[in-house]
Engineer: 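Dropping a structure here in structure tokens format, bear with me for questions.
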There are 2 protein chains.
Amino acid sequence: METVQETISKKLQPVPEPSVRRMPQYLHLVRSMREKGEVYVSAPAIARVLNLDPTQVVKDMAYTGVTGKTRVGFSTEELQFALEEFLGYNRKHEAFLVGAGFLGSALIQYQGFREAGMKIVAAFDTDKRKFGTDIQGVPVFSLEKFHDLASRLHISIGIITTPAGAAQPVADLMVAWGIKAIWNFAPVALRVPEQIIVQDTHIYANLAVIINKLGQQKNG
Amino acid sequence: METVQETISKKLQPVPEPSVRRMPQYLHLVRSMREKGEVYVSAPAIARVLNLDPTQVVKDMAYTGVTGKTRVGFSTEELQFALEEFLGYNRKHEAFLVGAGFLGSALIQYQGFREAGMKIVAAFDTDKRKFGTDIQGVPVFSLEKFHDLASRLHISIGIITTPAGAAQPVADLMVAWGIKAIWNFAPVALRVPEQIIVQDTHIYANLAVIINKLGQQKNG
DNA sequence: ATCTATTAAGGATATTTTTCTTTAAAAACT
DNA sequence: AGTTTTTAAAGAAAAATATCCTTAATAGAT
């Protein structure tokens, strides 16, 4: 049995980001296994399906607080709850999205996020034609209304899907009105105070990796 | 002046993936600097804008084959061409996209990719209502027509934007019909032969990182 | 013309993350 | 009941990456 102190210190030491990124995959797998009626799943079994090292799976599971049974594996039920708790699927984070273009609209319509702990409650744009419309029930406002709404609601996440040039001013706006985390899809490096969490999803970076590897294959 | 041998060996040793991922950012920055009329840019200047370590910038530039002038920096013109060459913006890679839902449509409409060396030439879906329609000029076909078209055209990249359950069969189809690289947006780990390049863009992984950090901040 | 400040480049160090190795435990089988 | 096999867990090693440090060069200032 570990002491309360140990439990707390374990929570305080941050989980490695690569591990965090694997968690949704584990959850997805565990859910589908439970649907098939599986009660236990071993780390090696998970590792085979997800192409990972078995010991890495065990370590990742330890971060969620779940511990397995020797020769049996992990309880799928316990795992699912632990992963959902870890990923914050129970808490609700509300988000504002700025830039209701193709990508922004797709994210709003993507749903899924809602069950993953984030709800996009409003979108903002500078295109007059979009004001007053809604995307799958999410209203689109003028960017000028941002401070109004942000100061009234408690929004923790801001999503930026604007063109590159608009991203920094939008980020400044978000910071000014109390947003704690920014999910940035624009291909720029945002400058924000250090306590603000920034997560970049640079779509071009992924494309660059693909094309680079394709070119390499041709040579080698 | 370096020998041809050296140039070749430099190309053969693979560029670290994190460096490749930074290249599009450099290109974007260099382009905007050239538009402003800047002829030279120093590595420390780039590092300041992109929040990077100056020496890292220098090292990344070396991968593109560009070398700077002491006390002056890099020629923006030379840099732009080198980066575009490195990123394959001159070659044309044609792509098929499977899963013409919200995300798939957004990617097709995103344009930008075309100038980044990839052109989405056709989309596929299983929804009958979408057959024969087109998205921004890109036709949507029945998935059954995939092998027909893939065998006639020379497609190097396959994009998967299907629901999780459909991703693996689609990947198998792509591999069977000669696609060399798969850009996977579905939240699953694909199993493909090792010579096939797979690039995952797991949107939930990024969300997981954000929510994890938000939760951590609350504790710490 | 000389000096100073700035910069690129190369090597060394440190950190992070993954993989490997060992140990211990417990379930299933004989 | 004892043995074997499978597994989790903890620690050590290895690999990859980023950061730091030193050196050399050169443009601009004095």
Side-chain angles (χ1 to χ4, degrees), chain A residues 1-2 6-7 9-10 13-23 25-26 30 33 38-76 78-79 82 189 200 205 209 212-213 216, chain B residues 1-2 6-7 9-10 13-23 25-26 30 33 38-76 78-79 82 189 200 205 208-209 212-213:
Chain A
M1 189 65 185
E2 76 187 347
E6 282 168 332
T7 310
S9 72
K10 194 174 282 180
Q13 84 194 5
V15 177
E17 191 170 312
S19 297
V20 175
R21 299 182 70 86
R22 285 188 289 268
M23 296 302 182
Q25 284 195 65
Y26 295 133
V30 167
M33 298 198 90
E38 308 277 355
V39 179
Y40 285 101
V41 60
S42 71
I46 293 174
R48 273 191 296 277
V49 177
L50 299 180
N51 274 325
L52 297 170
D53 189 274
T55 62
Q56 191 166 66
V57 174
V58 174
K59 285 205 165 98
D60 288 343
M61 294 308 148
Y63 289 124
T64 70
V66 173
T67 159
K69 254 193 193 163
T70 299
R71 219 193 128 85
V72 173
F74 299 90
S75 153
T76 52
E78 202 182 330
L79 249 192
D200 292 306
V209 172
N212 178 61
K213 285 185 183 163
Q216 219 164 22
Chain B
M1 190 65 187
E2 77 188 344
E6 283 169 330
T7 309
S9 72
K10 194 174 283 180
Q13 84 194 3
V15 177
E17 190 170 313
S19 296
V20 176
R21 299 182 69 86
R22 285 188 288 267
M23 298 301 183
Q25 284 194 65
Y26 294 134
V30 168
M33 297 197 91
E38 309 276 356
V39 180
Y40 286 100
V41 60
S42 70
I46 293 174
R48 272 191 295 277
V49 176
L50 299 180
N51 274 324
L52 297 170
D53 189 274
T55 63
Q56 191 165 67
V57 174
V58 174
K59 287 204 163 102
D60 288 343
M61 294 309 150
Y63 288 124
T64 70
V66 173
T67 158
K69 254 192 192 163
T70 298
R71 221 193 129 87
V72 173
F74 298 90
S75 153
T76 52
E78 202 182 329
L79 249 192
D200 292 306
V209 173
N212 177 61
K213 285 184 184 164

Engineer: Can you tell me the distance, in whole Å, between the OH atom of B:Y40 and the C1' atom of D:dA27?
Structural biologist: 12 Å
Engineer: Taking atom P of D:dA8 as reference, at what distance in whole Å does atom CG of A:L52 sit?
Structural biologist: 14 Å
Engineer: Apply side chain to side chain contact (heavy atoms under 4.5 Å, CB included) to A:L79 and A:I46, showing your working.
Structural biologist: CA-CA 12 Å; A:L79 249 192; A:I46 293 174; 4.3 Å; yes
Engineer: Could you give the OH-to-C1' distance, from B:Y63 to C:dA8, as a whole number of Å?
Structural biologist: 15 Å
Engineer: Rounded at 0.5 Å granularity, tell me how far CD in A:E17 sits from CZ in A:R22.
Structural biologist: 11.0 Å
Engineer: Rounded to the nearest 0.5 Å, what's the gap from CG on A:L50 to OH on A:Y26? Could you check?
Structural biologist: 7.0 Å
Engineer: Side chain of A:P16: nearest nucleotide among D:dA8, C:dT17, C:dT19?
Structural biologist: C:dT17
Engineer: Apply side chain to side chain contact (heavy atoms under 4.5 Å, CB included) to the pair A:N212 and B:Y63, showing each step before the final yes or no.
Structural biologist: CA-CA 12 Å; A:N212 178 61; B:Y63 288 124; over 6 Å; no
Engineer: Using only modelled atom types and a 3.5 angstrom limit, is any donor from either the side chain of B:K59 or the base of D:dT19 paired with an acceptor on the other?
Structural biologist: yes
Engineer: As a test of reading the structure: which of C:dA8, D:dA8, D:dA18 is closest to the side chain of A:V58, going by heavy atoms?
Structural biologist: D:dA8
Engineer: Respond yes when some side-chain nitrogen or oxygen of A:Q56 is under 4.0 Å from OP1 or OP2 of C:dT19, and no when none is.
Structural biologist: yes
Engineer: By nearest heavy atom, map A:R22 and A:V72 onto DNA chain C; which one lands nearer the 5' end?
Structural biologist: A:R22
Engineer: Under 4.0 Å between any heavy atoms, over every strand shown, what does A:T67 touch: base, sugar-phosphate, or nothing? Just pick one.
Structural biologist: sugar-phosphate
Engineer: Mark yes or no for a side-chain to base donor-acceptor pair under 3.5 Å between B:T55 and D:dC21, with no hydrogen or angle criteria applied.
Structural biologist: no
Engineer: Touch check for B:P44, heavy atoms < 4.0 angstrom, all strands: base, sugar-phosphate only, or nothing?
Structural biologist: sugar-phosphate
Engineer: Please report the shortest heavy-atom distance between A:Q25 and B:A189, naming the atom on each side.
Structural biologist: OE1-CB, 3.7 Å
Engineer: In whole angstrom, give the distance that lies between atom CD of A:E17 and atom P of D:dA18.
Structural biologist: 13 Å
Engineer: Give me, pair by pair, the N or O atoms of the protein and of nucleotides 2-6 of chain C that are less than 3.5 Å apart, along with how far apart they are.
Structural biologist:
from  : atom 1 : to    : atom 2 : distance (Å)
C:dA5 : N3     : B:R71 : NH1    : 3.2
C:dT6 : O4'    : B:R71 : NH1    : 3.0

Engineer: If you look at every heavy atom in B:A47 and B:D53, which pair is closest and at what distance?
Structural biologist: CB-C, 4.0 Å
Engineer: What is the separation between atom CG on A:N51 and atom P on C:dT19, rounded to the nearest whole Å?
Structural biologist: 11 Å
Engineer: Please give me the minimum heavy-atom distance between B:Y40 and B:G73, naming the atom from each residue.
Structural biologist: CD2-O, 4.1 Å
Engineer: Rounded to the nearest Å, what distance is computed from the CG atom of residue B:L79 to the C1' atom of nucleotide C:dT7?
Structural biologist: 15 Å
Engineer: Whole-Å distance between D:dT7 P and A:D53 CG?
Structural biologist: 14 Å
Engineer: Calculate the interatomic distance between A:I46 atom CD1 and D:dT6 atom P; express it in whole Å.
Structural biologist: 18 Å
